[in-house]
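Below is one structure, written out as structure tokens, with a few remarks after it.
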Protein chains: 2
Amino acid sequence: MNSYKLRFIPLGGVIGVTKNMYVYELYENEKLRDILIVDCGIGFPLEKELGVDFVIPDVTYLSDKIHWIRAIILSHGHEDHTSALPYHYEALGRPPVFASRLTTAFVQNKFKEFNQRIDLNELVYEKEYRFGLFKINFIRVTHSIPDTFHILIKTPVGNIYHGTDFKLDLTPPYGQHPDFYAITKAGHDGLLCLMSDCLGSDREGLTLSENIVGQTFEDEMRKTKGKFIMTTFSSNISRIRQCVEAAIKFNRKIVFLGRSMKENTRIAAEIGYLPIPESLNTNEVNVMKLSPNKVCIIAAGSQGQFGSALSKLANNRNPNVKIKPGDKVVFSSDPIPGSENEVYALIEELSLMGADVVYSDIQDQLHASGHGNQEDLKFLVRFTDPKYFIPIGGTIRHQHQYQKLVMGLGYKKEQLFLLDEGETVWFDQYKASRGDTIETKNIYVDAYGVGDVGNVVLRDRKTLATEGIVAVFLILDNQGKLTTRPKFLSRGFVYESGEEKLFNEATVQVEKLLKPRGETLLNLNNIRKEVSDILENFFYKKRGRKPLVIVDIIQI
Amino acid sequence: MNSYKLRFIPLGGVIGVTKNMYVYELYENEKLRDILIVDCGIGFPLEKELGVDFVIPDVTYLSDKIHWIRAIILSHGHEDHTSALPYHYEALGRPPVFASRLTTAFVQNKFKEFNQRIDLNELVYEKEYRFGLFKINFIRVTHSIPDTFHILIKTPVGNIYHGTDFKLDLTPPYGQHPDFYAITKAGHDGLLCLMSDCLGSDREGLTLSENIVGQTFEDEMRKTKGKFIMTTFSSNISRIRQCVEAAIKFNRKIVFLGRSMKENTRIAAEIGYLPIPESLNTNEVNVMKLSPNKVCIIAAGSQGQFGSALSKLANNRNPNVKIKPGDKVVFSSDPIPGSENEVYALIEELSLMGADVVYSDIQDQLHASGHGNQEDLKFLVRFTDPKYFIPIGGTIRHQHQYQKLVMGLGYKKEQLFLLDEGETVWFDQYKASRGDTIETKNIYVDAYGVGDVGNVVLRDRKTLATEGIVAVFLILDNQGKLTTRPKFLSRGFVYESGEEKLFNEATVQVEKLLKPRGETLLNLNNIRKEVSDILENFFYKKRGRKPLVIVDIIQI
């Protein structure tokens, strides 16, 4: 008889919330047989990486296993679950990709931007799929974006319930409520392991239904004499649609601001997820010609991002649209941890422009999380009753809270695996156990491309931001002799007034180091290093700071 | 082909919360074929009936249909679902009765008190039962008493989900959580109608789990240097068990006070639902000999009932147990609507005795309702997705709130039937529609027996309570002549000081009426009536009140 083993490898999405990518490996008689990949998203590092737009998962581990990859499944249309795919799709051998309707539309569009083609299949919920020995059922759930599903992965070792981002929304404004029968049936048929969203594990109660927000939009719109401006995540199509429907009720023309907002709403409209009457569609150039109470603007930039559509409005830098007293700005999102300062600064700027700003702190029905709170998570546990648990999609804190929650339901600590990125779990018919850790690194993406921002660059950017920079130029003649005193330039380190004296002293230090060496300075690298070291120590002694010291040698 | 019809008849339990009794009639080719009865409980009239202990359902309608009654199912052990059965069991033709373990024990005991035998069967959850053409599955749910179930009633017309009293408790302290798979499967297989508990339909959120109370007991017990006294409904075996377990932790000996409390805990202990170590079992005569911090008393009387165990403690009328400063009294129940005054009076009396009294207003984790709040009820709707709804076990207000809730989930008003007692609904394969109303009357039970408390008696009791009584004696000689002035006695009508003058005037009125008639008063009934009428008018004119006037004639 054949023996089977299953390995679960999170290449992201654990401890960092975003950059979701999960690998399931099935082994037959100790030999790799089939690989299934769930999600391939970009990451937004919690600790801010300077100048980095985002990170993507490191798929190096898979590079010699492409032959076994049977499929990639994308659980929903959020960027942290889908948007790294264009960077890796070729390298992963262009396997078939399965996603639901809205996700398919978003991903198709993304690949078009990259001038790439993709084997993308819109899945059918009722069908059971086979990828190698994996048998897959897709189970409808609810989240802050329509068309989100959980995945029942049947394997010869046992069944896995991949419970990605969700909440149990009994009244989703669009689409169906979770398929409770399918969920409980997965549990009834016996589950080896539940991988569960854990981001809401520190919040009590049930998560609010998305539909409470629609009523709030109407109430706020009714009270607004000026322009109505709503901001949220541009992927939150349900939220946007609720705002559009309120606008339709009050006969306000609808304008989208911001590139991502325009793009996502265009795609959603194309596939019928965001119906807008032709008569209410307008363009930002027309806004100021309309009566203010006939305008509804839906703008990107809810996190206070610099340069975003909303930030431009707040700084009077949108040539077409101006904030006027009587306008109302509604933040239908909570600040992501770490963005609070930017969001509150934006709220203040908008208030200064005369807008009436409404946000979560003063109106608690403006935003509903897409992630289940403790009760949602407990229900999923009771529905599925697995043998093991792996919390995904949260930080370490959320993993620990999730563990506590599950243990409060009577399970044992040994039944849970809290994983860091690359940490693996082996399953066989009898038990689960920790495996080797797969080494992964962060791959940074910024304006200049993929992966060219290494750790050194990031460390330097951090030093620049906090300590400043000092550049020293050593000027040599063509015989390699120091021809003149070292020249200092600095930024972000000391105020100009104190500069001269400090750098005079520093010059003395450098000359003391170099003069005794004689006439020629040939090993330039060594020289650079030594000068840099002596200056770092000197500045730290004098000023208590360690600026980035760059030593350059100029030969004339 | 045979044609089938189903009729649902609530003989109680709708609009009055208690006195639950539901009849399902199956007709084949227009002829009655099978009857199934769910529950047979006593009622506690919301509008207080003076001197009436409780009411029981009126089963007159069934009297000529006994032949078709296939079974009675008792959904759980609460008195408003079970305790009318001894009054009706013979009259219903002694059909087989099915109930779960704890219910069986309670009902068996009740029948013993009545010196009756009963064909009582402890049900098996996994089994499907057949009663005539009814096929029955029992589905585990959670409530404030262990061993509560819902009933899936499969009929040739369609399936009915009888969703009696429940909440979705994910962490019941004893017993299992609801069988979500069985519930959702009932929905998946197609449901004609959901009969749903609606008592919590006006409360937001999910109902708290019963298990929060256990922690509160421990916390309160830890802080208590004197005797620990807990009061709750005597049927709330889970609550009582949590208190017992806290007592075991703190090594306090356990005493039960009150007849119903002693009886219920004895039964629960006998079947293993309330384990108490022998060493901690003690009797009330020993209480005052023990160190106060080694005593835990569990007492009946949480609703402030006069004469109850707790009320006796508060009034220093228990010969063995005395309240002392340092003692703590914990109310683990909310006042039933209408009992607030009695409960607060009791709390004040206990406080005056020096006890530290803890109740819901000051500690919100002392009591968890047994009934689902709005979210519990919405989950049941989403799980089952029936074609029709009938809210049961609530008042009119709860029915309306339930209707609103269900309509908020996208169902139409026509899909709901809000029924008064005796109002019926017919089901066939295609639709549901209202049928005739079955006439029912309240049958009162008090200390003197069943049904002997008529409406006249009740009206009199009400008058006595609000207006007082005046008795007039007319004294005749053996020739039927009025021998002396009428004699007046009164209670609860006027203060003694004003009595004499008033009754002197009344005497004049009576004499004025009777004297002109001549020598003999022979039609005594007429005389009684006339005197009574004239006095009622007189007292109302004089005092603005209408006391109960009794005229008696004494012949000497």
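Lettering of chains follows the sequences in order, A, B, ..., and the numbering in each one begins at 1. Because the structure is predicted, anything quoted here is derived from the model rather than measured.
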For the OG1 atom of B:Thr184 and the NZ atom of A:Lys185, what is their distance to the nearest 0.5 Å?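 It is 10.5 Å, given to the nearest 0.5 Å.
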
Closest non-hydrogen atom pair, [X] against [Y]:
X        : Y        : result
A:Leu409 : B:Thr171 : CD2-CG2, 3.3 Å
B:Lys378 : A:Leu170 : CB-CD1, 3.6 Å
A:His188 : B:Tyr181 : ND1-CD2, 3.0 Å

Look at the rings of B:Phe180 and A:Phe383 and say which category their plane angle falls in: under 30° parallel, 30 to 60° tilted, over 60° perpendicular. perpendicular

[X] atom [atom1], over 12 foreign heavy atoms within 6.0 Å:
X        : atom1 : result
A:Lys154 : NZ    : yes
B:Lys387 : NZ    : yes
A:Arg222 : CZ    : yes

With a 4.5 angstrom heavy-atom cut-off, could you sort out which part of B:Leu206 is near chain A: side chain, backbone, both or neither?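 Answer is side chain: those atoms of B:Leu206 sit under 4.5 Å from chain A.
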
